[in-house]
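Both counts, for ligands and for their atoms, begin at 1 and track the order of listing.
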Amino acid sequence: MKLFKKILIANRGEIALRIIRACKELGIRTVAVFSEADRESLHVKLADEAICIGPANPQQSYLNIPAILSAAEITDAEAIHPGYGFLSENPHFAEACITSGITFIGPTPDNIRIGGDKAKARSILKRKGIPVVPGSDGPINSEEIADKVVKRIGFPVIIKASAGGGGKGMRIVREESEFEQAFHMAQREAFAAFGNGELYIEKYISSIRHIEVQILADSKGNVIHLGERECSIQRRHQKLLEEAPSPALTEKQRKKIGEFAVRAARAIKYRNAGTFEFIVDGEGNIYFIEINTRIQVEHPVTELITGIDIVKEQIKIAAGYELGLKQSDVKINGWAIECRINAEDPERFIPSPGKITFLALPGGPGVRVDTAIYPGYTVPPYYDSMIAKLIVYGKNRQEAIRRMARAIDEFMIDGVKTTIPFHKKLLNNPQFIEGNYNTSFVEEMNSSNLPKEVLQSV
Ligand code: ADP
């Protein structure tokens, strides 16, 4: 078996760099694609070749399947890594790669389809004995069914879009009188955002932790997990800080959640890297919520505590290699934390694009910065506002927190507003330091000084 000679990276920003780095270390040549707004981007400078695929608007560039496939053909790239976001979870793109004779570095189109249909994933895994949050069995097609489900599980409920993602398309309903209107609004929103108005319902559980498990699966049927990540520091259901392991799990729960994820991956014949997301309630019950069929933003925390390079594993699996690791080879060591640095106003979480006039990045022992910014770089307004990931490793949680507090103090950036002040506040919060938090924590922490309109959207 041979690894690829050349890979095209269908993405931008830090994840494009992350993939270029893995390729370079594996001796694989790289092709960057870029929009007209990204001409001066680092991924363009660092790849062996670079091709402009269209204007700034992502629909015409990073989401433009024909342009990306032509770029791969022109450059003789044998495989495409989609990163996260953009086309990474588009089954048509994965299929188009395959029919063009190009390897898609990721799961199978069927895996992606199941991951993209959250109601279906729920019912498949429920049938396979994986616990899911009480709720509808599959999508809700009529008001009578919705009524029945709601009567069975009781309020509050959370209405979710089958095709939803990124924390969008969810609506919490606390009382029966609000349900009908909320359901219709959710349907309209889901249709507008995802082109698919299909909804399902889950019991809304308060005081939960979001804990997810990283999976690796090869094409020979070997499946392992790389432990869990704690992602309960969220705002508007979007993650801001992640850590691994989770400070909340007992050893017994840790083992159980890992086994659920492996069982779930086997049940759907999952391939490549993926994440099975769960929520854990106040009593320690574990419920599956969804599958992410891509490399995730927060993958580095797992890399730091396992010593496994997940992106290299993705490439090797896609090339047909058998996993070189058994479950018993995966050893969790120490503690890792990641802070997402977004170009945003930290008070209002509103994007703050612009030119970076000064930049000094943190360093020193146990510090990793995944970013594509540099002094003089202009953060464009067209794409996601995350501009850097600051990741630290410590021998235990206390050391990791102290190291992060030290490193984030070293992170100096002028010209754009960032979420750094938010993280500084969080790292000093006694409850966070104790590991005593759930998914409502950020809203509670901020409720004293956030403008009302921001809080209402939660
Ligand atoms: P998305 O695909 O948009 O990321 P998820 O289904 O993964 O949506 O849910 C995102 C977040 O919403 C979770 O991390 C959790 O904070 C919250 N959430 C999801 N389901 C429930 C639920 N049943 N009860 C309470 N909170 C939930």
Side-chain angles (χ1 to χ4, degrees), residues 84-85 88-90 112-123 125-126 130-140 149-150 152-174 182 186 189-190 192-194 196 198-214 228-243 246 248 257 261 264 274-298 340 384 386 437-445 457-458:
Y84 52 67
S88 61
E89 290 176 296
N90 180 329
I112 299 174
R113 246 178 230 112
I114 294 176
D117 186 341
K118 293 165 67 176
K120 190 170 174 194
R122 231 177 92 82
S123 44
L125 294 184
K126 187 180 170 197
I130 308 293
V132 300
V133 185
S136 58
D137 198 9
I140 300 271
V149 175
V150 169
R152 176 161 55 80
I153 61 176
F155 285 94
V157 299
I158 181 164
I159 304 174
K160 293 186 174 182
S162 289
K168 297 187 189 80
M170 281 183 288
R171 212 159 248 275
I172 300 161
V173 188
R174 301 190 185 272
E189 279 170 15
F194 313 110
N196 173 354
E198 196 178 271
L199 301 176
Y200 66 106
I201 299 173
E202 283 179 359
K203 175 86 184 166
Y204 178 73
I205 308 177
S206 55
S207 306
I208 53 152
R209 301 189 73 125
H210 172 119
I211 300 180
E212 60 187 31
V213 179
Q214 176 72 52
E228 83 281 359
R229 293 186 284 260
E230 165 77 59
C231 309
S232 301
I233 299 292
Q234 306 180 345
R235 198 180 155 282
R236 292 188 182 170
H237 306 300
Q238 285 172 0
K239 301 161 188 169
L240 294 167
L241 173 149
E242 302 92 349
E243 56 180 314
S246 163
I257 204 167
T275 300
F276 288 74
E277 295 191 335
F278 298 86
I279 56 182
V280 180
D281 71 13
E283 273 89 63
N285 297 307
I286 301 169
Y287 304 104
F288 162 82
I289 50 170
E290 71 159 338
I291 312 166
N292 287 148
T293 57
R294 57 166 193 272
I295 184 83
Q296 280 189 285
V297 171
E298 58 271 27
R340 297 190 187 198
D384 191 86
M386 193 183 74
Y437 61 85
N438 59 39
T439 52
S440 316
F441 181 73
V442 173
E443 271 81 36
E444 285 161 14
M445 180 179 121
S457 54
V458 174

- Query: Is the backbone N or O of His210 less than 3.5 Å from a side-chain atom of Ser232, with the two atoms forming a donor-acceptor pair by type?
  - Reply: yes
- Select all protein residues for which some heavy-atom-to-ligand 1 distance is less than 4.0 Å, and list them by chain and number. Lys118, Val133, Ile158, Lys160, Gly164, Gly165, Gly166, Gly167, Lys168, Met170, Glu202, Lys203, Tyr204, Ile205, Ile208, His210, Gln234, His237, Glu277, Ile279, Ile289, Glu290, Thr439
- Task: Could you tell me which residues satisfy side-chain hydrogen bond (donor to acceptor under 3.5 Å, both in side chains) with Glu228, sequence neighbours excluded, listed by chain and number?
- Result: Arg254
- Task: Quick one: list whatever passes side-chain hydrogen bond (donor to acceptor under 3.5 Å, both in side chains) with Asn292, sequence neighbours left out.
- Result: Gln296
- Message: What I want to find out is whether Glu189 reaches Arg171 closely enough, with some N-O distance under 4.0 Å, to be called a salt bridge.
- Response: yes
Considering only distance and modelled atom types, tabulate donor-acceptor pairs under 3.5 Å from the side chains of residues 277-288, sequence neighbours left out.
unit_1, atom_1, unit_2, atom_2, d
Glu277, OE2, Lys239, NZ, 3.0
Asp281, OD1, Glu283, N, 2.9
Asp281, OD1, Gly284, N, 3.0
Asp281, OD1, Asn285, N, 2.8
Asp281, OD1, Asn285, ND2, 3.4
Asp281, OD2, Asn285, ND2, 2.9

- Message: Quick check: do Ile291 and Ile114 have side-chain heavy atoms less than 4.5 Å from each other?
- Response: yes
